[in-house]
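A short write-up of the structure that comes next.
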Amino acid sequence: MEYPIIESLKKHNEILRADQFLKLPTDTPFGNLLLSWVEIIQRADRINDLIIELYRDYNIITQSRGIVNPDISHLFYKQKFLTEQIFYWLRKTADELIGLVYILDYNKKNNKFPSKIKINSIGNLLSEENFIPELFDNFRGFLKIVNEISNGYKHSFINSQAHSYHGEYYPVVFAYTLDYNNLKNTPQFHTYKFSDVLENYNTFLAEIKRYLIENF
């Protein structure tokens, strides 16, 4: 099975080169924005390491179906653990990119940097329908999924009840969420093909990079 890794910013484990940098301000109240971008690029490599590990383990599991093999029993929970780690970093990176776009957009419009990053997360973005619609509107549905899943992993007490779920033909993202852990709300069971999530994320990163190059 091929690994659906994230390579919109650079090839996995490729040496970091100057031509992968963007022309971003290096002296702002929020620090060196080029350094923020470089960290995101390098982080993608480590996210890819987790993705490859998850898919390799999945292949071991599927190849052992029908065989009693206690040596791989730990891999089932590890799939869930790796999925939650990957989603944490996908969410954090998306939040940082949204904040970066806000800073640059504010500076371009006002000729000064903001004193507060008012739109600095997926949640903020989803509540601001008019913020750069030409960039974000095509991704609102996808970002809502990332937001719901990552929030569920972080906050939903009942997510442990998805402990034993496992994709039959390919890795699947499972999450069992309950808003505010309040039983007055309806629990939601989420399932997404992992490779679809990562493909959409690759597209999201590519569009963010394109927009940064063309507008700032």
Side-chain angles (χ1 to χ4, degrees), residues 6-10 16 18-48 50-51 83-156 173 175 177 179-181 190 197-216:
I6 298 167
E7 294 190 309
S8 295
L9 305 183
K10 81 173 187 66
L16 193 65
D19 62 0
Q20 294 159 346
F21 298 170
L22 300 183
K23 294 180 180 179
L24 299 176
T26 57
D27 184 13
T28 84
F30 295 99
N32 182 339
L33 300 188
L34 176 58
L35 187 59
S36 301
W37 175 254
V38 169
E39 177 155 336
I40 287 170
I41 295 175
Q42 292 183 301
R43 182 189 300 149
D45 274 341
R46 305 289 70 84
I47 297 172
N48 285 333
L50 296 175
I51 294 168
T83 298
E84 294 189 16
Q85 286 188 68
I86 292 167
F87 260 82
Y88 170 82
W89 292 112
L90 294 181
R91 164 67 181 273
K92 177 180 174 65
T93 301
D95 287 347
E96 289 179 350
L97 286 169
I98 290 167
L100 177 62
V101 172
Y102 178 86
I103 292 170
L104 295 170
D105 182 68
Y106 186 98
N107 182 57
K108 182 177 181 179
K109 291 177 178 177
N110 299 279
N111 201 30
K112 65 178 182 178
F113 291 101
S115 59
K116 178 181 179 180
I117 309 174
K118 294 182 179 179
I119 304 177
N120 64 354
S121 69
I122 295 175
N124 292 152
L125 175 68
L126 294 176
S127 65
E128 294 286 343
E129 295 183 358
N130 296 321
F131 181 60
I132 315 183
E134 65 273 22
L135 173 61
F136 290 114
D137 276 5
N138 288 337
F139 297 103
R140 286 183 175 273
F142 166 70
L143 291 174
K144 183 178 179 181
I145 290 172
V146 174
N147 193 56
E148 289 177 345
I149 299 297
S150 59
N151 280 343
Y153 288 159
K154 184 177 181 180
H155 300 294
S156 178
V173 178
T177 63
D179 286 349
Y180 305 104
N181 292 310
H190 306 266
V197 174
L198 296 171
E199 181 181 352
N200 284 322
Y201 200 86
N202 257 316
T203 303
F204 171 70
L205 291 183
E207 282 300 300
I208 290 281
K209 182 178 181 178
R210 178 197 61 78
Y211 189 85
L212 292 174
I213 292 171
E214 293 180 358
N215 292 275
F216 304 114

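Residues Phe204 and Leu97 share a closest heavy-atom pair of CE2-CD1, 4.4 Å. Across Ile41 and Gln20, no two heavy atoms sit closer than the pair CD1-O, 3.5 Å. Among all heavy-atom pairs drawn from Ser8 and Ala206, the shortest one is CB-N, 3.8 Å.
Counting only distance, with no hydrogens or angles, the side chain of Arg140 and the backbone of Leu125 share a donor-acceptor pair below 3.5 Å. Put simply, the side chain of Asn48 gets close to the backbone of Ile6: a donor and an acceptor are under 3.5 Å apart. No side-chain donor-acceptor contact under 3.5 Å links Trp37 to the backbone of Lys23. Panel note: side chain Asn120, backbone Asp95; no donor-acceptor pair is recorded below 3.5 Å.
Using a 4.5 Å heavy-atom threshold, the side chains of Ser127 and Ile119 count as separate. Val197 is not listed as a side-chain neighbour of Ile149, based on a closest heavy-atom distance of 4.5 Å or more. Side-chain contact check for Ile117 versus Ile98: every heavy-atom pair is 4.5 Å or farther apart. Residues Ser36 and Phe30 have side chains not in contact (no heavy-atom distance under 4.5 Å, counting atoms from C-beta outward). With a 4.5 Å cut-off on side-chain heavy atoms, Asn200 and Val146 do not count as touching.
The ring-ring contact (aromatic ring centres under 6.0 Å, His included) test applied to Tyr106 returns no partner, not counting sequence neighbours. Applying the side-chain hydrogen bond (donor to acceptor under 3.5 Å, both in side chains) test to Ser121 and every residue at least two apart in sequence or in another chain returns Asn124. In terms of the ring-ring contact (aromatic ring centres under 6.0 Å, His included) criterion, residue partners of Tyr211 (sequence neighbours excluded) are, by chain and number, Phe216. Listed by chain and number, the residues in a side-chain hydrogen bond (donor to acceptor under 3.5 Å, both in side chains) with His190 are Thr177 (sequence neighbours excluded). With sequence neighbours excluded, the residues satisfying side-chain hydrogen bond (donor to acceptor under 3.5 Å, both in side chains) with Glu96 are Arg43, Lys92. Taking Lys209 as the reference, nothing meets the side-chain hydrogen bond (donor to acceptor under 3.5 Å, both in side chains) condition, with sequence neighbours excluded.
Going from atom CD1 of Ile86 over to atom CG of Leu198 covers 7.0 Å, rounded to the nearest 0.5 Å. The structure places OH of Tyr88 at 9.5 Å from OG1 of Thr93, a figure rounded to the nearest 0.5 Å. For the atom pair CG of Leu212 and CD of Glu207, the computed distance is 11.0 Å after rounding to the nearest 0.5 Å. Here the straight-line distance linking atom CD1 of Ile208 with atom CG of Leu135 works out to 4.5 Å at 0.5 Å rounding. Once rounded to the nearest 0.5 Å, the distance linking CG of Leu50 with CZ of Phe87 reads 13.0 Å. Separating the CG atom in Asn151 from the OH atom in Tyr180 is a distance of 9.0 Å, to the nearest 0.5 Å.
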May I have the step-by-step check of side chain to side chain contact (heavy atoms under 4.5 Å, CB included) for Leu33 and Leu22, ending in yes or no? CA-CA 9 Å; Leu33 300 188; Leu22 300 183; over 6 Å; no
Audit row: Phe139, Ile122, side chain to side chain contact (heavy atoms under 4.5 Å, CB included) steps and yes/no: CA-CA 10 Å; Phe139 297 103; Ile122 295 175; over 6 Å; no
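Relative orientation of the Tyr102 and Phe131 rings is tilted, given thresholds of 30° and 60° on the angle between their planes. Note: Tyr201 and Phe142 have perpendicular aromatic rings, judged against thresholds of 30 and 60 degrees for the angle between ring planes.
Heavy atoms of other residues, nucleotides or ligands lying less than 6.0 angstrom from CD of Glu214 number more than 12. Within a 6.0 Å sphere centred on CG of Asn130, other residues, nucleotides and ligands contribute 12 heavy atoms or fewer.
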